[in-house]
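Notes follow the structure.
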Amino acid sequence: MSKVKRTYSSRSRLSLPSSSPSSPPPSTTKRKRFGEGAENEPPTKKRTTTKTPSSGTLGKSKQSGLRQLHFSIETSVLQACTICGLSYTRGAPDDESLHRAHCSRVQRGMEWGREEEREAEKAGVEEIQAAAKLKNGKKGRIICFKANVGGRIGSKLAILLETINLALSSPPLSNEILQLSKAYLYLLPSLTNAHREKIVGCVIAQRISTAMIVAAPSETLLERDFNQATDRDSTPSSPTHRLVAVDTTSGLFCHPEALPTPLGIPRLFVPSVHRRQGIASRLLSAAAATFIHGCPLDPLNGDVAFTQPTEGGHAVMQNWGRGGVRIYEE
């Protein structure tokens, strides 16, 4: 049997790199020793760097919110509103917010809506007159309830009385007075919402015992002449010739004798937009007719008295009471 000779070497040939463009070129980097590989290295933590704003940027951000202020010694910071008469500190956010709310209530009044109507029966609200016509032809209604009522209606009345006291510069009514008083409100239908009404007038009627008769203008002139004469002579005046000065600017004087009077009006208010329409007279007449059940009162007989009235209140007192309304101390 013949032997076949091998014509090639037993050593394996070196594999040449393929000329194909898809195969990657051989790596020329040396193989790393054990322990030098990336897989054996601990993971590197990323540094979190917080950029602190430079002093220049801080100064710019602070300066952007600053304002240059000047002292004005000649100009007062107190501002008196010509509409509502409230004095407030100009530039103070709390004072300006209070003024905006107060001025809006003084001009347009407050609202009476569904929330108050739901509690009306529980609070004892009575409708005194359903169709009270005003001078401009509008019709509203007059309601009445106790002045010390609670709940939502009591909160509404408290805000209303606060507005009235600020507008009249009057102290708040005490709890004793509120327990003896009734609140009469004139409501007009709202022009924007059919389910809401506007409170365009308020009268607080109080049970009192005595009041003083208002002196006639002729008696007031005699009192002034008598006072001037006694000041020149420096002699004490007789008590019988003395009148009680209620408001010297308007010339309102009273006789000092206290006479029995059942009804007092400590607060009377109508928003400025709704004045000169007969709202105050309507409310006063309703209070005189219904304050004491079954016993209507007549101002001509001296049954009604006002506290120290303002200039507008004095005019209402004279026009409605025709000289018969008295004055009492609150």
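Just so you know, these numbers use all the heavy atoms, side chains as well, and skip hydrogens, waters and symmetry mates. Count residues from 1 along the sequence.
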### Message
With clusters defined by side-chain heavy atoms of hydrophobic residues (ILVMFWY) lying less than 4.5 Å apart, directly or transitively, does L161 cluster with W112?
### Response
yes

Q | From CA spacing to verdict: side chain to side chain donor-acceptor pair (under 3.5 Å), Q206, Y328 | A | CA-CA 11 Å; Q206 173 194 358; Y328 77 101; 3.0 Å; yes

Practice prompt. Please report the C-alpha distance between R141 and E127 in whole Å, then the side-chain angles of each, then the deciding distance to 0.1 Å, and finally whether the salt bridge (Lys or Arg N to Asp or Glu O under 4.0 Å) criterion is met.
Written response: CA-CA 7 Å; R141 63 190 184 110; E127 188 176 79; 3.1 Å; yes

Closest heavy-atom pair, N193 versus S190, reported as atoms and distance to 0.1 Å, is O-CB, 3.3 Å

Q.
Are the side chains of L185 and L160 in contact, using a 4.5 Å heavy-atom criterion?
A. yes

Note to self: Is the shortest side-chain heavy-atom distance between N148 and S181 below 4.5 Å?
What the structure shows: no

Q) Is a side-chain donor or acceptor of D303 paired with a backbone partner of D298 at a separation under 3.5 angstrom? A) yes

Would you say the side chains of W320 and S285 form a donor-acceptor pair under 3.5 Å?
yes

Smallest heavy-atom separation, C254 atom then V246 atom, equals SG-CG2, 3.6 Å

**Message:** Determine whether a donor-acceptor pair (N or O, by modelled atom type, separation under 3.5 Å) exists between the side chain of S155 and the backbone of G151.
**Reply:** yes

Checklist line | Over-ring placement of K182 relative to F145, 6.0 Å and 45° cut-offs | finding: no

On a heavy-atom basis, the closest approach of F291 and A205 is CE1-O, 3.4 Å

Any side-chain to backbone donor/acceptor pair from E119 onto E116? Under 3.5 Å, distance only. no

Open item on the list: Take a 6.0 Å sphere around CD of E115 and say whether it holds more than 12 heavy atoms from other residues, nucleotides or ligands.
Closed with: yes

### Task
State, yes or no, whether a side-chain contact exists between L134 and L188 at a heavy-atom distance under 4.5 Å.
yes

What one should report as the nearest heavy-atom pair of R276 and K135 is O-CD, 3.9 Å

(Q) Pair Q129, R282 - check side chain to side chain contact (heavy atoms under 4.5 Å, CB included), show working. (A) CA-CA 10 Å; Q129 192 172 355; R282 288 279 189 179; 3.5 Å; yes

Can a side-chain donor-acceptor contact be found between Y184 and E126 if the only test is distance below 3.5 angstrom?
no

Exercise. Does the side chain of H255 reach to within under 4.5 Å of the side chain of M212, using non-hydrogen atoms?
Worked result: no

Review point. Are V316 and I279 connected in the hydrophobic side-chain network, where two residues link if heavy atoms are under 4.5 Å apart?
Key: yes

Checking side chain to side chain contact (heavy atoms under 4.5 Å, CB included) for the pair H314/L252: CA distance, chi angles, key distance, verdict? CA-CA 9 Å; H314 188 195; L252 183 60; 3.8 Å; yes

| Quick one: are I142 and L283 in side-chain contact, heavy atoms under 4.5 Å? | yes

**Asked** Quick one: do I164 and V149 end up in the same hydrophobic cluster if we chain Ile, Leu, Val, Met, Phe, Trp and Tyr together by side-chain heavy atoms under 4.5 Å apart?
**Response** yes

Correct closest heavy-atom pair for A123 and I153 would be CB-CD1, 3.8 Å

Going by atom types alone, do E117 and H195 pair a side-chain donor with an acceptor below 3.5 Å? no

When hydrophobic residues are tied together by side-chain contacts of less than 4.5 Å, even through go-betweens, does V203 share a cluster with I292?
yes

- Message: Within the 4.5 Å heavy-atom criterion, are I128 and I143 side-chain neighbours or not?
- Response: no

Exercise. Would you say the side chain of R322 lies within less than 4.5 Å of the side chain of L300, judging by non-hydrogen atoms?
Worked result: yes

Is there a path of hydrophobic side-chain contacts, each under 4.5 Å between heavy atoms of I, L, V, M, F, W or Y residues, that connects M110 with I204?
yes

Identify every side-chain donor-acceptor pair in residues 257-271 under 3.5 Å, counting partners at least two apart or on other chains, and give the distances.
| residue | atom | partner | partner atom | Å |
| --- | --- | --- | --- | --- |
| T261 | OG1 | L259 | O | 3.2 |
| T261 | OG1 | R326 | NH1 | 3.0 |
| R267 | NE | N165 | OD1 | 2.9 |
| R267 | NH1 | E330 | OE1 | 2.9 |
| R267 | NH2 | P171 | O | 2.6 |
| R267 | NH2 | E330 | OE2 | 3.4 |

From the list L173, N175, L180, side-chain contact (heavy atoms from CB on, under 4.5 Å) partner of I177 resolves to L173

E111 and K156 have their tightest heavy-atom pair at O-NZ, 3.0 Å

